[in-house]
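Please read through the structure below; I'll follow up with questions.
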Amino acid sequence: MQTDIKPKVLNRLSRIEGQVRGLSRMVEEDRYCIDVLTQLQAVRAALSRVETEVLKDHMDHCVMGAIAGDDLADRKAKATELIELLGRASR
């Protein structure tokens, strides 16, 4: 991961961590199910945004570097990684 997005990703993950702790408190306090579900959706959306940032960084640096490079094995490896990642995401 490139150092320029690392603080941004870590900050978002810290906020998500706080949201998850808040969710635990909500469950402990027997909060209304819809409120808990709403917060679960918010956490999922926040994780999705972090995932998008990390994937974009990977594409911009690792994958594009492999494509521009002369190492055919590295290009194939990066393509395989992405295909596997997308396959896991579609399950």
Side-chain angles (χ1 to χ4, degrees):
M1 182 175 307
Q2 294 296 308
T3 56
D4 56 331
I5 73 153
K6 193 182 241 183
K8 184 178 178 180
V9 167
L10 289 171
N11 185 31
R12 285 184 179 194
L13 289 172
S14 291
R15 280 188 269 146
I16 292 167
E17 183 179 10
Q19 284 179 292
V20 171
R21 281 194 305 271
L23 270 164
S24 293
R25 282 191 302 275
M26 290 175 77
V27 170
E28 288 172 357
E29 296 168 0
D30 295 321
R31 296 279 297 272
Y32 186 55
C33 295
I34 294 298
D35 294 340
V36 173
L37 290 166
T38 299
Q39 289 305 309
L40 284 168
Q41 289 174 337
V43 168
R44 191 177 310 114
L47 281 170
S48 179
R49 286 189 296 274
V50 170
E51 181 181 20
T52 298
E53 278 295 317
V54 174
L55 180 57
K56 182 181 178 302
D57 181 69
H58 181 65
M59 290 293 297
D60 289 347
H61 297 96
C62 301
V63 175
M64 294 306 292
I67 289 171
D70 295 329
D71 188 344
L72 179 60
D74 192 31
R75 284 193 298 250
K76 286 182 178 182
K78 296 298 185 232
T80 300
E81 286 175 349
L82 287 175
I83 291 166
E84 290 174 358
L85 178 70
L86 295 172
R88 287 192 306 265
S90 67
R91 292 183 205 156

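Residue indices begin at 1 and follow the sequence shown.
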- Item | Within 6.0 Å of CG in D4, more than 12 heavy atoms from elsewhere | yes

- If every non-hydrogen atom of M26 is compared with every non-hydrogen atom of Q39, which pair is closest and at what distance? SD-CG, 3.7 Å

Check: residues 12-25 side-chain donor-acceptor pairs under 3.5 Å, at least two apart:
{"from": "S14", "atom 1": "OG", "to": "L10", "atom 2": "O", "distance (Å)": "3.1"}
{"from": "E17", "atom 1": "OE2", "to": "R21", "atom 2": "NH1", "distance (Å)": "3.4"}
{"from": "S24", "atom 1": "OG", "to": "V20", "atom 2": "O", "distance (Å)": "3.4"}

- Say you draw a straight line from CD1 of I34 to CG of L40; how long is it, rounded to the nearest 0.5 Å? 11.0 Å

- Verify same cluster id: M1, M59 (apolar side-chain graph, 4.5 Å): no

Side-chain donor/acceptor pairs under 3.5 Å, residues 49-57, sequence neighbours excluded:
{"from": "T52", "atom 1": "OG1", "to": "S48", "atom 2": "O", "distance (Å)": "3.0"}
{"from": "K56", "atom 1": "NZ", "to": "D60", "atom 2": "OD2", "distance (Å)": "2.9"}
{"from": "D57", "atom 1": "OD1", "to": "H61", "atom 2": "ND1", "distance (Å)": "3.0"}
{"from": "D57", "atom 1": "OD2", "to": "Q2", "atom 2": "N", "distance (Å)": "3.1"}

N/O donor to acceptor pairs below 3.5 angstrom from side-chain atoms of residues 72-91, sequence neighbours left out:
{"from": "R75", "atom 1": "NH1", "to": "G69", "atom 2": "O", "distance (Å)": "2.7"}
{"from": "T80", "atom 1": "OG1", "to": "K76", "atom 2": "O", "distance (Å)": "2.9"}
{"from": "S90", "atom 1": "OG", "to": "G87", "atom 2": "O", "distance (Å)": "2.9"}

